[in-house]
Amino acid sequence: MYFSLFEQVILLVFVIFSVSSFTYEIWKRISIIIKGTGTLPIDRIGERCLRFFREVLLQEKVIRERFLPGLMHALVFWGFMAFGVITLDHFVRGFNGRLLGETAYSIYSWVAAPFAVLVIIGILYLAYRRFYLKPKELGKISITSGLVAIFITLLMATYMLTELDLPENIEKLNWWGHSFLILAFLFLIPRSKHLHLVLAPVNIFFRSFTVPDHDTVEIDMEASEEELDSMLSGLTKMSKKQALDIFSCVECGRCTEVCPANRGGGLLDPKHHFILDLKDPMLHSSGVDVLGQINVEAGWECTTCQACTDICPVGNHVEKSDEIRRHQVLVEGQVPQEYQKVFRNLQESGNTEGAFQSPLADTLPDYKPDKDYLLWLGCFARYGLDPDFENSVRSFTKILDEAGVTYGVLTEEMCSGDPANRLGDKLTYQMLMEQNKEQLEGVKKVTSLCPHCVVNLDQEYKKYGEVSYKVEHHTQVISKLIDSKKISVSRSSSEKLTYHDPCNLSRTLDEIDAPRNALNASSSKYFEMEEHGNKTLCCGAGGGLWWKKETKGRTHLVRAQQVVESGAETVATGCNFCFGMMKQGLGPLTPDDQKEIQVKDIADIVAENLVAN
Amino acid sequence: MKIAVLIKQVPVSDSTFRPAENELWIEEGQIQYEMNENDSFALEEALLIKEKRGEGEVVVVCMGPSGRAPRVIREALAKGADRAVHIVEEGPFETDPHQIAHILFESIQSESFDLIFSGLQSVDLGMGQTGVLLGAMLGMSTATLAMSTEIQEDKIRVKRELESGWFQWLTLPLPASVSIQSGINTPRYPSLKGIMGAKKKEIKTINKTDLNLSEGLQKVTRIYNLETDKQTEYIEGDPDVQVARLMDILKSEVKVLGA
Ligand code: SF4
Ligand code: SF4
């Protein structure tokens, strides 16, 4: 094929138009991202590269989360990779040049041609799913998606035609067709969710290793008015990573599909409320000062379970309840009355209940520096938010006693601050954190039955500065005691037993194995629920929602319903809030002809099956 | 528009109470205090009026001990009140609403407020009279149990809650003293800016002992826990005997029937 000067000029004009429009649109977004606060993280670079390899190049997560559509997506993705060189070569030909020599090209065609078929299969399946199956989570049908599907199919078809021996004029026509499709595609990409082609790999690379990962809010009570104003106005500004998230979203709806608030019939729809709703304001204002525009009511419904963030295929930190809540509390002063009560209790008495005495703490030994562990009770256990949980604490101390491990509690233990932190009252949180840090000075090892406390004492406090101690969740302590044979447990529990992974333990602390180790050591009838491990479904109590009076939906019942349907006789948990929430949910949900399902802590199951050494 | 809001610091109502040794009040030690719930609605109503009108002053007036009362005063200032009058009372605490109104009258009579809002009643004493009495002493028009308010030039229109779901609309000339029912609005939470700004706001303190007061009209003579005891008597015999005994108990022992 030979291209005349006229043809070359035409081609050049189109290429310039398409490439510059593409670059302009991308630049528009990059310039917004740059305005974000902070920096894009590049710590643990090796792990980042590995993750990039697995999640981007191998498409591992996409395939794992939704197998068939994921695989089809991977086919298209791999096909695109394979076609990179071919496409470049295609355009060079338009200027009568070649990128690949004749032989190299024909060898490479052997790789590319099968991919063309695979891409067609992939894209046709995805289109079939999008336009025929119409899964709810994908939302409204978009014309661009249809166009893109047609483009890709035609691209592959026109490519395959080039491999045939066609008459010269048809070949040229086909060549132009292929070129225009590519240029049109390039034009469409940045204007649609297909921008994820460009941004998702970058976003996955920069994804944080800590979840949840919200900016700290440090409040200086001595600050001048200007300093205070600038701190407060910073609260509604996105970080660079958050801005990148918004443009990377592929609108797949996985986040909303797994959201417990949404599944329970609530209003919250993280795909829209936390991501897509912010896109237009960003583009219109060419800035990142948009966090104040998150739907407030939706923000209060979030249990901060991080299921959305965990599942997002493009590496978004979806959950943004922290951002909207802290804005409501610190700037607007608009806080549901029940939470105002919790905040006041925390300020006045240092615990969520406004209590002055803990009957449980009074019966436990005091912490002294010669003890192995500081046993951190947390408000739930300390003030009997569910009085039955006291037994679980005693089960744990029984295990420690049996193992000869010494422990003690702080007489002046304050709330770790979890509810204040998650509900946005960063001032009260800071006050509690400072007092607790002071009390914990010099302490080496802390253990707690409450994953919320563990996350705060450890991961969250560390965001504000060093801590001297190590914190272990009690299931980690128990699991280690079993492994090191400090306690013996018999597998004598014969009830049908399942385990509900607490969000804070599984997704935030990434602890999946320790609880299972303990349960398998004590029971021969242990089985998994469908949603388990870091795919667990929140009990409904997280994010301070334990204290919420009315909820629109049945967030707190969805998980309990699953437990009822699982056929378990006993459900074990590793979190006091899950314990309390499960009990509240299971009661009314258990059918009349079914025995009420027992709720126990892992410590209870292990303690029941202890064998004296 | 100058609005005074009477706020009281009260024990959180689900605390465990013990009578103090002198049996004149409760043991203060392990009790958490907060702004009386009705009063926080009254404060919010005043703030909303000020914000809606875009002008005015909201002054909170609080009587209580110097040790703890400033906490609720600061909270009110943080929420947006412009300044405060703190009448310091170290105890024994005044419990007679007439006397309390008198103390408040002495403290604020020079201010000429257009409006006084108070909570319908305090959760600790539940008298529900202070606001009205104070209004009367200041020669204001008064209303109780407001479910909504609306300022109309020199009048205030108030929707009052009556029994069995009945309401009454009243229009009162200003100045007026109105007591506010819970649920009339949604009280705000102090914003960070409010909290920081409150530090600079004026709190005028007046010592109760410096005021010119005469003897109160009523006083608490004893606070005690009700003694409960259980007695069980099986009434035996034929029905006539049983009925006779039962009537006897109801008339002479439990005294719910006339002799
Ligand atoms: S954190 Fe959990 S509750 Fe909140 S939006 Fe995400 S999935 Fe929904
Ligand atoms: S945020 Fe992530 S999970 Fe949610 S719709 Fe966008 S890409 Fe999908």
- Message: Can you tell me which portion of B:Pro190 sits under 4.5 Å from chain A's heavy atoms? Options are side chain, backbone, both or neither.
- Response: backbone

- Determine the interplanar angle of the A:His452 and A:Phe577 rings, folded into 0 to 90°, and report it as parallel if under 30°, tilted if 30 to 60°, perpendicular if over 60°. tilted

- Kindly indicate, with the supporting measurements, whether the criterion side-chain hydrogen bond (donor to acceptor under 3.5 Å, both in side chains) is fulfilled by B:Gln181 and B:Glu161. CA-CA 8 Å; B:Gln181 173 66 303; B:Glu161 186 182 17; 2.8 Å; yes

- Under 4.5 Å from a heavy atom of chain B, the part of A:Asp229 involved: side chain

- Below 6.0 angstrom between ring centroids: does that apply to A:Tyr367 and A:Trp376? no

- Query: Given that the side chain runs from C-beta out, which part of B:Thr186 has a heavy atom under 4.5 Å from chain A: side chain, backbone, both or neither?
  - Reply: both

- Above 12 or not: heavy atoms from other molecules or residues under 6.0 Å from CD of A:Gln430? yes

- Honestly, the part of A:Gln328 sitting under 4.5 Å from a heavy atom of chain B is neither

- Message: Closer than 4.0 angstrom, basic N to acidic O: yes or no for A:Lys463 and A:Glu460?
- Response: yes

- Any idea how A:His214 and A:His317 line up, ring-wise: parallel (<30°), tilted (30 to 60°), or perpendicular (>60°)? perpendicular

- Message: So for A:Leu330, is it side chain, backbone, both, or neither that comes closer than 4.5 Å to the heavy atoms of chain B?
- Response: both

- Message: Salt bridge check, B:Arg188 against B:Glu44: does any charged N sit closer than 4.0 Å to a carboxylate O?
- Response: yes

- Message: Need one label for B:Ile195: side chain, backbone, both or neither, based on atoms under 4.5 Å from any heavy atom in chain A.
- Response: side chain

- Message: Given heavy-atom pairs under 4.5 angstrom as the criterion, report whether the side chain, backbone, both or neither of B:Glu34 touches chain A.
- Response: side chain

- Using non-hydrogen atoms only, which part of A:Val331 is less than 4.5 Å away from chain B: side chain, backbone, both, or neither? backbone

- Checking heavy atoms, do the side chain of A:Ser224, its backbone, both or neither come under 4.5 Å from chain B? neither

